[in-house]
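Notes to accompany the following structure.
The figures that follow rest on heavy atoms only: side chains count, while hydrogens, waters and symmetry mates do not. Labels below follow one simple rule: chain letters A, B, ... track the order of the sequence lines, proteins then strands, and each chain is numbered from 1.
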Protein chains: 2
Amino acid sequence: MEQSSQHTFAQPRRIGLTIARAGAEASPPQPPLAALEDFAVTVAIRKDAEIHAQGDRALYCYRIVSGCVRSVKLMEDGRRQINEFLLPGDWFGFEALETHDVAAEAVSETVLRRYPRRACDALAAEDVRITRWLLTLATDHLRSARDRMVALGRKTASERIAGFLLEMAKRMPNDRSGTVALPMSRGDIADHLGLTIETVCRCLAQMRRDGTIGLTRTSLMVRQRAALEAVADATRH
Amino acid sequence: MEQSSQHTFAQPRRIGLTIARAGAEASPPQPPLAALEDFAVTVAIRKDAEIHAQGDRALYCYRIVSGCVRSVKLMEDGRRQINEFLLPGDWFGFEALETHDVAAEAVSETVLRRYPRRACDALAAEDVRITRWLLTLATDHLRSARDRMVALGRKTASERIAGFLLEMAKRMPNDRSGTVALPMSRGDIADHLGLTIETVCRCLAQMRRDGTIGLTRTSLMVRQRAALEAVADATRH
DNA sequence: CGGTCGGTTGAGCTAGATCAAATCCAGTGG
DNA sequence: CCACTGGATTTGATCTAGCTCAACCGACCG
């Protein structure tokens, strides 16, 4: 089942960092060793295809070149939690032990750069900067996971959604008009925020009625950032 | 407000790892450099005293020698999320950037070993093993944060509580009879699981009526592990 | 043009929250 | 040793945010 839908490009190499940084406002840290690129392969993933499953041997880690990936945990009965949405420049899969504890799926058509973990480890053994960089990645993810736990444990539906919209507006590339394309479905948003599709819809509809956001099926415009922030940021300091 | 209640022991040094490991079934990884101990100080913290606040300059990281610590995030209006309970052998504060993004408070009378982050960083610059160890810590915390996100986002009250009880039974030292002391209040449990005190009480009471657990105010006995696991572990694989 | 699949909207329903009383101790003072 | 006090816990009664179920809608597609 793993990577059933991907194919490997014969050609591109070293297109790496340039593309990765495009449009990312505050990009995640990039690895300090170009040598890593020598072991990498570029792969294209179709929308909704699985990059790796929960429980797969963790052979690779990945950097997103373009598109969007969701990191997912599933329960037996189908309940789903999306840990995070990953965007161009983001890394994932690096934090696994023997196996991946989450699945990774393409939210939209996605191009990845794929790195063998073995090579990663080998380089890390030679060059401390690799390990330090991995540490930075891990702590960044940890801190954002903590923010999400407050949201999931203690925030109301509209607080969660306001926070999500602000995050997306910040992370996604926006055209001049301030409109950003939302790559994920309402269902994905719901499973990210611990809500149902219907609740997500109703909150968004309300915010549109209030004039705080502009909204179509796939795009978002923040019209009154202050109003959204007031709803979202009840977190102290 | 920081450390208002702690005092520094003049005496003990190097008692470190021995005490730390006592009773911990699967202890977190310990640092590979005894040199770190040369910069450490042992401090005692009173119940409910703050070790560091949200937003404090991150000058130290800590290892728990004995007792229990909660890592908490507060919202303006007092809503509270406890990210994790930390037990003897656990490290915290290492993942901060300039400031701590969470507060740390003693759940019970607690003894800590406190390490200046500056010294940590200096040693890490000399010895890769320190950095690797920090990476291990960070990824461990990240993986457990993900499990908690599934719980907070998608599990029912009884599933969350069953999972919590199993985790505690596993992490806490248990006397011969299989009874473990629960150091935290019902309120702490509620704020950890994203529930109210009343819901926690009712679920626990129900489990006691069903005979799956034995329970007093401060202690827990798992009587039918299988029953608890059936409720808790709906996570695939 | 009919079908399908997201998305939206409406109408109840319910798990868990909220509000309100008891109880139960642990610690205190006599 | 016992009564007293205050906070934590437990239990009961009610309420509600968000879920569930169901209908409808609009865009895209063969």
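- Contacts between chain B and DNA chain C, taken as any atom within less than 4.0 angstrom of a protein heavy atom, begin and end at C/dG16 to C/dC25.
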**Item:** B/S/- contact track for nucleotides 4-19 of chain D, protein heavy atom under 4.0 Å
**Value:** -----SBBBB----SS

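- Taking the six-membered ring where the residue is Trp, B/His52 and B/Phe92 present tilted rings, their angle falling between 30° and 60°.
- Of the possible polar contacts, one joining the A/Arg186 side chain to the A/Arg217 backbone as a donor-acceptor pair under 3.5 Å is found.
- You'll find the side chain of B/Arg154 stays beyond 4.5 Å of the side chain of A/Leu152, heavy atoms only.
- Taken from CZ in B/Arg202 to OG1 in B/Thr196, the straight-line distance is 7.0 Å, to the nearest 0.5 Å.
- Going from atom CG of B/Asp188 over to atom CZ of B/Phe85 covers 4.5 Å, rounded to the nearest 0.5 Å.
- Atom CG of residue A/Leu228 and atom CG of residue A/Leu165 lie 6.0 Å apart, to the nearest 0.5 angstrom.
- Considering only heavy atoms from C-beta on, B/His192 stays 4.5 Å or farther from B/Met184 through its side chain.
- Taking CG of A/Leu86 as the reference point, atom CZ of A/Arg70 lies at 11.5 Å (rounded to 0.5 Å).
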**Criterion side-chain hydrogen bond (donor to acceptor under 3.5 Å, both in side chains) on B/Glu84 and B/His141, from CA distance to verdict** = CA-CA 9 Å; B/Glu84 45 193 354; B/His141 282 252; 3.0 Å; yes

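- Each end of the helix from C/dC1-D/dG30 to C/dG30-D/dC1 yields a helix axis from five base pairs, and these two axes differ in direction by 30° (to the nearest 10 degrees).
- The heavy-atom pair separating A/Ser177 from A/Asp175 by the smallest distance is OG-OD1, 2.8 Å.
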